[in-house]
Amino acid sequence: MAELSLKNIYKIYENGFEAVKDFNLEIKDKEFIVFVGPSGCGKSTTLRMVAGLEEISKGELYIGGEKVNNVEAKNRDIAMVFQNYALYPQMTVKENMSYALKLAKTPKDEIDRKVDEAAKILGLGDLLDRKPKELSGGQRQRVALGRAIVRNPKVFLMDEPLSNLDAKLRVQTRAEIAKLHERLQTTFIYVTHDQTEAMTMADRIVIMNKGEIQQVDTPENVYKYPKNLFVAGFIGSPQMNFIIANFTKENDKYYVTNDSFNWQIPDEHGQKLEEKGYIGKQILIGMRPEHINRDNENNPLKVNGEVYFTEMLGSEQYVYMYFGKEKLIAKITNGEFIPKNTKVDLYINSDKMHYFDIETEENIMFN
């Protein structure tokens with residue numbers, strides 16, 4: 001069993017800087033967990049504390065039920081794959097993959113069996129006699145994965161393993177890693193700043209900012225039910241639109257309004273906002289670009305705006321527009337191309353709108 005438990009984990013440096021603050025997480029056996037967040041949020045530091053490469057300042061770390069705070073990295077039964085591959089240039093692919101097993105004095109026939117098996121899984125069978133300089137970036141990354149696989153560890157740790165690959169290889173290797181996890185049936189902890197990697201690979205996502213966990217949930221729930229303003233803005237591409245508005249009630253109907261619009265919102269949303277005492281107060285409303293489109297039957301809120309920029313991305317286009325004093329980005333997947341400097345009517349799906357407290361930045365609907 002390779003479940004992990006991180007309890008009240010801190011990383012505090014000598015100058016007093018807290019890189020990770022009160023980190024609490026239970027990771028199930030065989031789960032694929034992804035830590036995601038902007039640069040400097042503490043995700044790699046947390047991974048390195050799990051690996052034993054960084055000392056834990058406060059808190060407790062358990063792997064398979066055993067407290068490992070003071071257990072050396074080499075004795076934690078984990079394998080780590082780094083961003084820069086960390087291959088020995090003078091060794092062949094086979095020698096790189098087998099090096100840790102040789103240090104552990106593993107019998108030669110067992111080493112050969114494990115290396116051959118890993119090479120087969122990763123499509124490296126024809127490359128075992130080559131050296132790293134003769135390989136592409138994607139092949140080097142697969143060698144680094146193979147070196148981890150042969151050790152048959154309890155836990156795989158991956159620190160931005162795809163960041164040095166081009167876009168096409170990232171997509172391909174992402175699929176390979178997901179397939180690898182399914183085949184190996186062990187626990188994976190994966191660090192990235194790329195939300196696409198997080199959303200497509202994870203069983204659960206841990207979203208971090210400034211050393212703290214913002215939300216832990218499935219990719220679907222993080223997208224549909226962001227806990228706060230940071231999560232709502234971080235997950236989704238293009239980013240969610242945010243507009244300040246007043247929340248009002250007239251004749252048993254609920255509205256969000258400012259100088260640029262007066263929109264009636266669903267009764268279910270309004271009742272929740274009223275229950276929480278927001279009538280007559282300012283709130284921040286959020287709308288995802290994909291929930292603004294040309295469909296005027298199912299989306300009741302009309303926006304007449306002037307387009308100032310359009311990005312055409314094949315089957316979809318991002319439309320940047322002004323309406324009144326506000327700006328919106330819409331993600332359009334149907335109809336003709338919308339050129340800049342034109343007026344356009346678009347419609348907002350009010351059922352998909354989010355509402356945030358301006359002071360706490362918490363999502364009012366889900367807290």
Side-chain angles (χ1 to χ4, degrees), residues 195-196 199-200 207 215 219-248 253-270 272-273 278 282-358 361-366:
Q195 59 163 297
T196 302
M199 295 292 283
T200 55
I207 301 173
Q215 186 169 352
E220 182 181 12
N221 284 345
V222 163
Y223 174 81
K224 287 184 176 178
Y225 314 114
K227 185 179 178 183
N228 57 36
L229 194 65
F230 176 81
V231 175
F234 188 80
I235 297 296
S237 180
Q239 179 178 300
M240 185 182 287
N241 297 283
F242 298 109
I243 298 176
I244 294 175
N246 296 297
F247 173 59
T248 62
K253 299 297 181 184
Y254 299 97
Y255 300 87
V256 285
T257 179
N258 69 15
D259 291 340
S260 300
F261 59 85
N262 183 36
W263 293 334
Q264 183 180 339
I265 63 173
D267 289 346
E268 179 187 355
H269 295 183
K272 185 78 175 280
L273 291 166
Y278 283 94
Q282 280 193 330
I283 58 174
L284 200 61
I285 58 175
M287 299 156 283
R288 293 203 181 276
E290 51 268 41
H291 298 147
I292 305 171
N293 52 54
R294 289 184 165 107
D295 180 5
N296 62 355
E297 291 185 13
N298 301 312
N299 303 305
L301 304 182
K302 180 179 177 179
V303 176
N304 177 256
E306 183 172 343
V307 177
Y308 65 90
F309 182 62
T310 303
E311 288 182 293
M312 173 53 78
L313 300 169
S315 61
E316 60 190 25
Q317 54 184 309
Y318 300 163
V319 177
Y320 297 72
M321 61 188 291
Y322 295 110
F323 76 104
K325 298 178 180 178
E326 305 295 345
K327 288 182 179 180
L328 282 180
I329 305 174
K331 186 176 183 178
I332 309 295
T333 56
N334 61 322
E336 296 176 0
F337 176 71
I338 302 174
K340 65 180 180 180
N341 300 323
T342 58
K343 294 253 184 186
V344 65
D345 288 339
L346 295 177
Y347 300 87
I348 298 170
N349 186 337
S350 58
D351 288 335
K352 304 288 188 181
M353 286 171 65
H354 298 265
Y355 311 87
F356 301 90
D357 185 288
I358 285 180
E361 299 188 351
E362 295 290 305
N363 192 328
I364 299 165
M365 306 305 287
F366 309 126

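These figures come from a predicted structure and were not determined experimentally.
In plain terms, the two heavy atoms of Val256 and Ile285 that are nearest each other are CG1-CG2, 4.0 Å. When all heavy atoms of Arg288 and Gly236 are compared, the closest pair comes out as NH1-CA, 3.8 Å. Heavy-atom minimum distance, Lys327 versus Asn241: O-OD1, 4.3 Å. Residues Met240 and His354 approach most closely at CE-CD2, 3.5 Å, considering heavy atoms. Across all non-hydrogen atoms, the minimal contact from Val319 to Ile332 is CG2-CG1, 3.9 Å. Residues Lys331 and Tyr318 approach most closely at CG-CE2, 3.6 Å, considering heavy atoms.
Taking the six-membered ring where the residue is Trp, Trp263 and Phe323 present parallel rings, their angle staying beneath 30° rather than reaching 60°.
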With side chain to side chain contact (heavy atoms under 4.5 Å, CB included) as the criterion, how do Leu229 and Phe242 come out once you've worked through the C-alpha distance, each side chain's angles and the decisive distance to 0.1 Å? CA-CA 9 Å; Leu229 194 65; Phe242 298 109; 3.3 Å; yes

Let's go through Lys340 and Tyr320 carefully: what are the C-alpha distance in whole Å and the side-chain angles of both, what is the deciding distance for side chain to side chain contact (heavy atoms under 4.5 Å, CB included) to 0.1 Å, and is it a yes or a no? CA-CA 8 Å; Lys340 65 180 180 180; Tyr320 297 72; over 6 Å; no

For Thr342 and Glu306: C-alpha separation, side-chain torsions, deciding distance, then whether side chain to side chain contact (heavy atoms under 4.5 Å, CB included) applies. CA-CA 6 Å; Thr342 58; Glu306 183 172 343; over 6 Å; no

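The number of heavy atoms from other shown groups lying within 6.0 Å of NZ (Lys352) does not exceed 12. Shown here is Glu268, whose CD atom has no more than 12 heavy atoms of other residues, nucleotides or ligands within 6.0 Å.
With Gln215 contributing its side chain and Tyr225 its backbone, the two residues share a donor-acceptor pair below 3.5 Å. Remark: side-chain polar atoms of Ser350 are not paired, donor with acceptor, to backbone N or O of Ile265 under 3.5 angstrom. Put simply, the side chain of Gln195 gets close to the backbone of Phe234: a donor and an acceptor are under 3.5 Å apart. Without hydrogens or angle criteria, Gln317 side chain to Thr310 main chain gives no donor-acceptor distance under 3.5 Å.
Residues forming a ring pair (Phe, Tyr, Trp, His ring centres under 6.0 Å) with Tyr223 (at least two apart in sequence, or on another chain): none.
With contacts defined as side-chain heavy-atom distances shorter than 4.5 Å, the pair Asn293/Thr333 does not qualify.
Taking the six-membered ring for Trp, Tyr278 and Phe247 have ring centres at least 6.0 Å apart.
Defined by atom type and a distance below 3.5 Å, a donor-acceptor pair is present between the side-chain atoms of Asn258 and Glu326.
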